[in-house]
Amino acid sequence: MNNEKIWLSSPHMGGTERNYVQDAFDTNWVAPLGPNVTGLEQDLEGYLGHEAHVGALSSGTAAIHLGLVLLGVQAGDTVLCQSMTFSASANPILYQGATPVFIDSEEDTWNLCPVALEKAITSEIEKGKKPKAIIAVHLYGVPYKIEAVRAVADAHGIPILEDSAEALGSSFKGQKCGTFGDIGVLSFNGNKIITTSGGGAIVIPTAALKEKAIFFATQSRDAAPHYQHSEIGYNYRMSNICAGIGRGQMEVLDAHVQLRREMHDFYVDVFKDIAAVTIFTVPNADYFANYWLSAILVAPNAARGIDREALRLALDQANIESRPLWKPMHLQPIFERYPYYGTTVAETLFDNGLCLPSGSNLSDSERERIKEAVLAFFAKQ
């Protein structure tokens, strides 16, 4: 434990972030909004393409919440949500007083299963409750089955809220993640591909709808010289200081994506002769993953003392952070009473899956420490 901690995914500054922040101080744009907010939105719109309109917000969770508001989700409605995800994907459903219905994963991308999705929609409609929206997630930067999920959604006329919190820089058939849903969501939390310290963004297909999102995000202030409010509003805008960090991070986004992908390749090499481990990898060349986190499945072998948790503890002993996959939402105490459609794919992934250190700022010596710890663990078994 004398070695310095190797983190799962720590912030990685490019160097120019402080220039944008300093400019904000020099010009006294330290209050909410300002040139950095507008600049970051324009940077993201240029990066995403596909006529995306971006609103910079205080968090990815705020973006999901506003997305549900824009899609008209209200108390009593039903929203379908991928179960294998972080709780921020599902919590805003409850903010609106709606009912979450959780959907299992499929084994190719670990994301929303189109078969279970179709069954859920059909079953909910038979109960007299057509779902109001679908929340689909690109888990760990691997795109979900875009075409299959869209086909199911369109067949029933249900909009998709695309949770790309983990997928900035990923794409499907050359189109950037964040632009496939009726509304998209990005996150710039401290552990993401790029960060604004805390923050997120909503991605919208039209300028008019973006204007409505910004209206809601700035306390729904009506056009009047005094403070007047005719709709519920939220304090969800990103600050000019945080946006300045984001502008500098946009300059190194592609480099960070490449470094994360190189970490994935590093693990492919480390585990090439270890039959007990399967590395989470895109199913074919249509998918381009940023590999925000490199993840593996460990086939349990009780006789040899091999399983996901034993490996995690061995890495922890070497002062190396790793973490189980997201615990599925339908297994969480706060959500376990809500409907779930599917089998046990998500549950099995959670039981056997482990996320490994994936930061774009990991050094050669840190990679060597990870490799030595991994190989030592399997050599002892």
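Hydrogens, waters and symmetry mates are skipped; everything else that's a heavy atom, side chains included, is used.
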Taking the side chain as everything from C-beta on, heavy atoms only, tell me whether [X] gets closer than 4.5 Å to [Y].
{"X": "Glu147", "Y": "Phe172", "value": "yes"}
{"X": "Asp163", "Y": "Phe86", "value": "no"}
{"X": "Ser10", "Y": "Asn361", "value": "yes"}
{"X": "Met250", "Y": "Leu44", "value": "yes"}
{"X": "Phe378", "Y": "Phe271", "value": "yes"}
{"X": "Leu356", "Y": "Met263", "value": "no"}
{"X": "Gln82", "Y": "Asn111", "value": "yes"}
{"X": "Glu41", "Y": "His53", "value": "no"}

Going by the angle between their ring planes, with limits at 30° and 60°, are [X] and [Y] parallel, tilted or perpendicular?
{"X": "Tyr140", "Y": "Trp110", "value": "perpendicular"}
{"X": "Tyr144", "Y": "His138", "value": "parallel"}
{"X": "Trp292", "Y": "Trp326", "value": "parallel"}

His256 vs Gln249, test: side chain to side chain contact (heavy atoms under 4.5 Å, CB included). Steps then yes/no.
CA-CA 9 Å; His256 283 193; Gln249 288 275 278; 4.2 Å; yes

Compare every heavy atom of Asp307 with every heavy atom of Pro300, then report the nearest pair and how far apart it is.
CB-CB, 4.1 Å

Shortest non-hydrogen pair, Gly246 vs Thr196, comes out as CA-CG2, 3.4 Å

Please answer whether the main-chain N or O of Arg221 pairs with a side-chain N or O of Gln219 as donor and acceptor at a distance below 3.5 Å.
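It does not hold such a pair.
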
Just checking, Arg312 and Phe377: is the charged tip under 6.0 Å from the six-membered ring centre and within 45° of the axis?
no

When you measure from the centre of the six-membered ring of Tyr47, is the NZ or CZ of Lys176 under 6.0 Å away and within 45° of the axis?
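Yes, Lys176 sits over the ring of Tyr47.
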
Consider only side-chain heavy atoms of I, L, V, M, F, W and Y, link residues closer than 4.5 Å, and tell whether Leu297 and Leu139 are in one cluster.
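Yes, because Leu297 and Leu139 connect within a single hydrophobic cluster, where side-chain heavy atoms sit under 4.5 Å apart.
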
Step by step, would you call Leu311 with Ile296 a side chain to side chain contact (heavy atoms under 4.5 Å, CB included)?
CA-CA 11 Å; Leu311 176 56; Ile296 60 173; 3.8 Å; yes

Residues [X] and [Y] bridged, charged N to O under 4.0 Å:
{"X": "Arg150", "Y": "Asp182", "value": "yes"}
{"X": "Glu124", "Y": "Lys127", "value": "yes"}
{"X": "Glu262", "Y": "Arg367", "value": "no"}

Do Phe102 and His330 have ring centroids that are under 6.0 Å from one another?
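Between His330 and Phe102, the centre distance exceeds or equals 6.0 Å.
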
Is it true that atom NZ of Lys119 has more than 12 heavy atoms of other residues, nucleotides or ligands lying nearer than 6.0 Å?
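No.
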
